[in-house]
Colleague: 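Encoded as structure tokens, here's the structure I'll be asking about.
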Amino acid sequence: MKDETREWIDAPALHMPAGDIDHLMAAATFAKAVGFLAQSFVAGYASAPRASALFATQQRWLLCLAALSQHYGADGAGMSRRSIAQSALRHLIASRNTAYAFFDEVLKYGIVLPTAERDLPSEVVAPSPGALAILVQWCDMHLAALDHIDAGSRSERFRAAPERMLPLLMPRLSDGLLANPHVRMPGPLYRIFAWTDAGGLLMDRLVAGIDRQSPQPDGYLTDVVTIAQLARAFDLSRAHTSRKFAEAEAVGGIGWSGRRGYSPLWISHGFFSEYAMMQARKLVIFQAAFAAVEAEGSTY
């Protein structure tokens with residue numbers, strides 16, 4: 001990490017107790033909820049590839065959170081090239097130049113737009129209507145996953161008033177997710193994919209394709225047969241995708257159930273566990289944030 005970064009002390013109050021995560025993962029419906037999330041992420045990419053791709057790489061996803069923490073922050077400074085870079089440095093996400101490049105990209109493609117508010121500096125931007133729609137969808141996916149686990153109705157309540165709830169929910173979510181070191185830096189198998197272009201989507205597609213009717217002693221069969229199949233689905237080069245799969249295969253995270261390229265791929269229990277743990281860490285933060293928003297609303 002470059003000299004621009006500084007040591008960051010995580011706020012313990014924003015971390016969820018390990019027991020909450022264990023309780024969530026012990027639910028009989030948790031694995032299905034993880035599959036639901038993976039399928040939702042893949043479907044979201046299909047409907048809006050450019051905007052959804054921001055959530056498909058760990059660093060870019062964290063930069064999105066850094067940007068949103070500024071947009072919805074209580075200090076009223078707003079989202080700008082400078083404020084995103086400062087947030088990225090504070091949370092050890094990226095160098096200043098990387099944050100600047102990210103800002104320039106989302107501005108270029110209209111994911112953020114210059115704000116027209118007179119009381120804000122001219123360099124302040126805001127999410128475009130399309131980006132806000134993706135953000136609402138992303139929040140709803142996680143709330144619906146929680147509902148899958150405990151038969152709740154969070155998603156329904158959120159969708160009834162997203163314009164009101166999103167500004168209340170996002171400060172808690174962005175702060176909680178960014179403050180958690182395990183969310184920022186997940187397990188080694190997860191990192192093989194997560195820190196490369198669209199690597200998160202490769203993982204999502206593998207988990208979404210798990211065949212739960214054909215359990216394996218060492219992992220889970222998927223409906224994916226060839227690397228080229230995955231590369232085409234996400235507009236990636238076959239060489240790039242092959243390198244990531246070779247890394248994961250070398251440490252026992254994935255493999256072919258028979259002849260390479262002609263049989264279903266499997267993912268190991270360890271790979272699935274790291275993916276599931278990442279989703280659990282996000283979900284407990286969503287759970288606490290949503291409960292806090294509703295509790296705050298009930299006092300009005």
Side-chain angles (χ1 to χ4, degrees), residues 21 24-25 27-49 51-58 60-62 64 134-150 154-155 173 177 182-183 186-216 219-227 229-236 241 244-245 248 253-255 264-287:
I21 295 174
L24 195 73
M25 295 183 74
T29 48
F30 177 71
K32 286 187 177 180
V34 171
F36 165 80
L37 272 177
Q39 292 162 7
S40 298
F41 297 151
V42 172
Y45 174 83
S47 64
S52 296
L54 294 174
F55 293 88
T57 303
Q58 181 75 356
R60 290 159 68 82
W61 173 64
L62 292 171
C64 285
I134 293 292
L135 183 58
V136 168
Q137 183 183 47
W138 181 75
C139 289
D140 186 52
M141 290 173 187
H142 290 83
L143 295 173
L146 283 168
D147 293 342
H148 274 68
I149 294 170
D150 63 7
R154 301 173 190 82
S155 172
L173 287 177
L177 291 166
H182 303 293
V183 170
L189 282 167
Y190 193 98
R191 289 201 300 272
I192 287 174
F193 289 97
W195 288 89
T196 62
D197 288 346
L201 282 168
L202 295 176
M203 287 191 292
D204 296 335
R205 179 61 185 84
L206 288 171
V207 173
I210 285 176
D211 178 5
R212 300 197 177 279
Q213 305 306 313
S214 304
Q216 302 290 300
Y220 307 89
L221 275 182
T222 75
D223 62 359
V224 176
V225 175
T226 69
I227 290 175
Q229 172 188 354
L230 279 176
R232 284 193 303 270
F234 302 119
D235 197 26
L236 298 171
T241 309
K244 292 295 103 183
F245 274 67
I254 65 167
L265 272 160
W266 55 262
I267 65 173
S268 69
H269 287 300
F271 194 166
F272 179 81
S273 293
E274 283 190 21
Y275 183 92
M277 177 64 79
M278 180 63 164
Q279 307 315 316
R281 285 174 174 141
K282 287 193 295 177
L283 288 174
V284 292
I285 292 170
F286 264 89
Q287 187 177 42

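Just so it is clear, the model here is predicted, and its values are computed rather than measured.
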Colleague: Check Ala145 against Ala33 and note the closest heavy-atom contact, atom names and distance.
Modeller: O-CB, 3.6 Å

Colleague: Sequence neighbours left out, what passes ring-ring contact (aromatic ring centres under 6.0 Å, His included) with Tyr220? Give chain and number order.
Modeller: His269, Phe272

Colleague: Is any side-chain heavy atom of Val183 less than 4.5 Å from a side-chain heavy atom of Trp61?
Modeller: yes

Colleague: For a quick test of reading the model, state the closest non-hydrogen atom pair linking Leu24 to Ala280 and the distance between them.
Modeller: CD2-O, 3.8 Å

Colleague: I need the minimum non-hydrogen distance between Met141 and Gly44, along with the two atoms involved.
Modeller: CE-CA, 4.3 Å

Colleague: So, using side chain to side chain contact (heavy atoms under 4.5 Å, CB included) as the criterion, who are the partners of Val225 when residues are at least two apart?
Modeller: Gln229

Colleague: Output all residues satisfying side chain to side chain contact (heavy atoms under 4.5 Å, CB included) with Pro186, sequence neighbours left out; order by chain, then residue number.
Modeller: Gln58, Tyr190, Arg191, Met278

Colleague: Could you measure the distance from the CG atom of Leu37 to the NZ atom of Lys282? Nearest 0.5 Å is fine.
Modeller: 6.5 Å

Colleague: I'd like to check the side chain to side chain donor-acceptor pair (under 3.5 Å) partners of Gln137; sequence neighbours left out, ordered by chain and number.
Modeller: none

Colleague: Considering residues at least two apart in sequence or located in another chain, which fulfil the ring-ring contact (aromatic ring centres under 6.0 Å, His included) criterion with His182?
Modeller: none

Colleague: Can you list the residues that meet the side chain to side chain donor-acceptor pair (under 3.5 Å) rule with Ser155, with sequence neighbours excluded?
Modeller: Asp140, Arg159

Colleague: Can you confirm whether Asp223 sits close enough to Pro264 that some side-chain heavy atom of one is under 4.5 Å from a side-chain heavy atom of the other?
Modeller: no

Colleague: Show your reasoning for whether side chain to side chain contact (heavy atoms under 4.5 Å, CB included) applies to Phe286 and Cys139.
Modeller: CA-CA 8 Å; Phe286 264 89; Cys139 289; 4.2 Å; yes

Colleague: Can you list the residues that meet the salt bridge (Lys or Arg N to Asp or Glu O under 4.0 Å) rule with Arg154, with sequence neighbours excluded?
Modeller: Asp147, Asp150

Colleague: May I ask you to test the Ile149-Leu283 pair for a side-chain heavy-atom distance under 4.5 Å?
Modeller: yes

Colleague: For a quick test of reading the model, state the closest non-hydrogen atom pair linking Ala31 to Arg212 and the distance between them.
Modeller: O-NH2, 3.4 Å

Colleague: Return yes if some donor-acceptor pair links the side-chain N/O of Thr57 with the main-chain N/O of Arg60 below 3.5 Å, else return no.
Modeller: no

Colleague: Report the distance from atom CG of Asp204 to atom CZ of Phe55, rounding to the nearest 0.5 Å.
Modeller: 12.5 Å

Colleague: Just jot down the side chain to side chain contact (heavy atoms under 4.5 Å, CB included) partners of Ala198, sequence neighbours excluded, or say none.
Modeller: Leu201, Leu236

Colleague: Using 0.5 Å steps for rounding, measure from the NE2 atom of His142 to the CZ atom of Phe36.
Modeller: 10.0 Å

Colleague: Is the number of heavy atoms from other residues, nucleotides or ligands under 6.0 Å of Asp235 CG greater than 12?
Modeller: no

Colleague: Determine the minimum heavy-atom distance between Ala208 and Ala38, stating which atoms define it.
Modeller: N-CB, 3.7 Å

Colleague: First locate atom CG of Leu177, then atom CG of Leu62, and finally report the distance between them rounded to the nearest 0.5 Å.
Modeller: 8.5 Å

Colleague: Could you give me the CA-CA distance, side-chain angles and deciding distance for Gln279 and Phe41, then say whether side chain to side chain contact (heavy atoms under 4.5 Å, CB included) is met?
Modeller: CA-CA 12 Å; Gln279 307 315 316; Phe41 297 151; 3.8 Å; yes

Colleague: Please tell me whether Lys32 and His148 have a donor and an acceptor in their side chains that are separated by less than 3.5 angstrom.
Modeller: no

Colleague: Find the distance between CG (Leu202) and OG1 (Thr241) and round it off to the nearest 0.5 Å.
Modeller: 5.5 Å

Colleague: Working to the nearest 0.5 Å, report the span between CD1 of Ile210 and CD1 of Ile267.
Modeller: 4.0 Å

Colleague: Partners of Lys244 by side chain to side chain donor-acceptor pair (under 3.5 Å), sequence neighbours excluded?
Modeller: Glu247

Colleague: Looking at every non-hydrogen atom in both residues, tell me the closest pair between Leu189 and Ser268 and how far apart they are.
Modeller: CD1-OG, 4.3 Å

Colleague: By ring-ring contact (aromatic ring centres under 6.0 Å, His included), which residues pair with Tyr275, not counting sequence neighbours?
Modeller: none

Colleague: Are any of the side-chain heavy atoms of Phe245 and Phe193 separated by less than 4.5 Å?
Modeller: yes

Colleague: Can you list the residues that meet the side chain to side chain donor-acceptor pair (under 3.5 Å) rule with Tyr45, with sequence neighbours excluded?
Modeller: none

Colleague: Would you please indicate if the ring centroids of Trp266 and Phe271 are separated by under 6.0 Å?
Modeller: no

Colleague: Less than 4.5 Å apart, any side-chain heavy atom of Leu230 and any of Val224?
Modeller: yes

Colleague: What residue pairs, at least two apart or across chains, pass salt bridge (charged side-chain N to carboxylate O under 4.0 Å, His left out) with a residue in residues 269-278?
Modeller: none

Colleague: For Leu265, does its backbone N or O pair with a side-chain atom of Thr222 as donor and acceptor, under 3.5 Å?
Modeller: yes

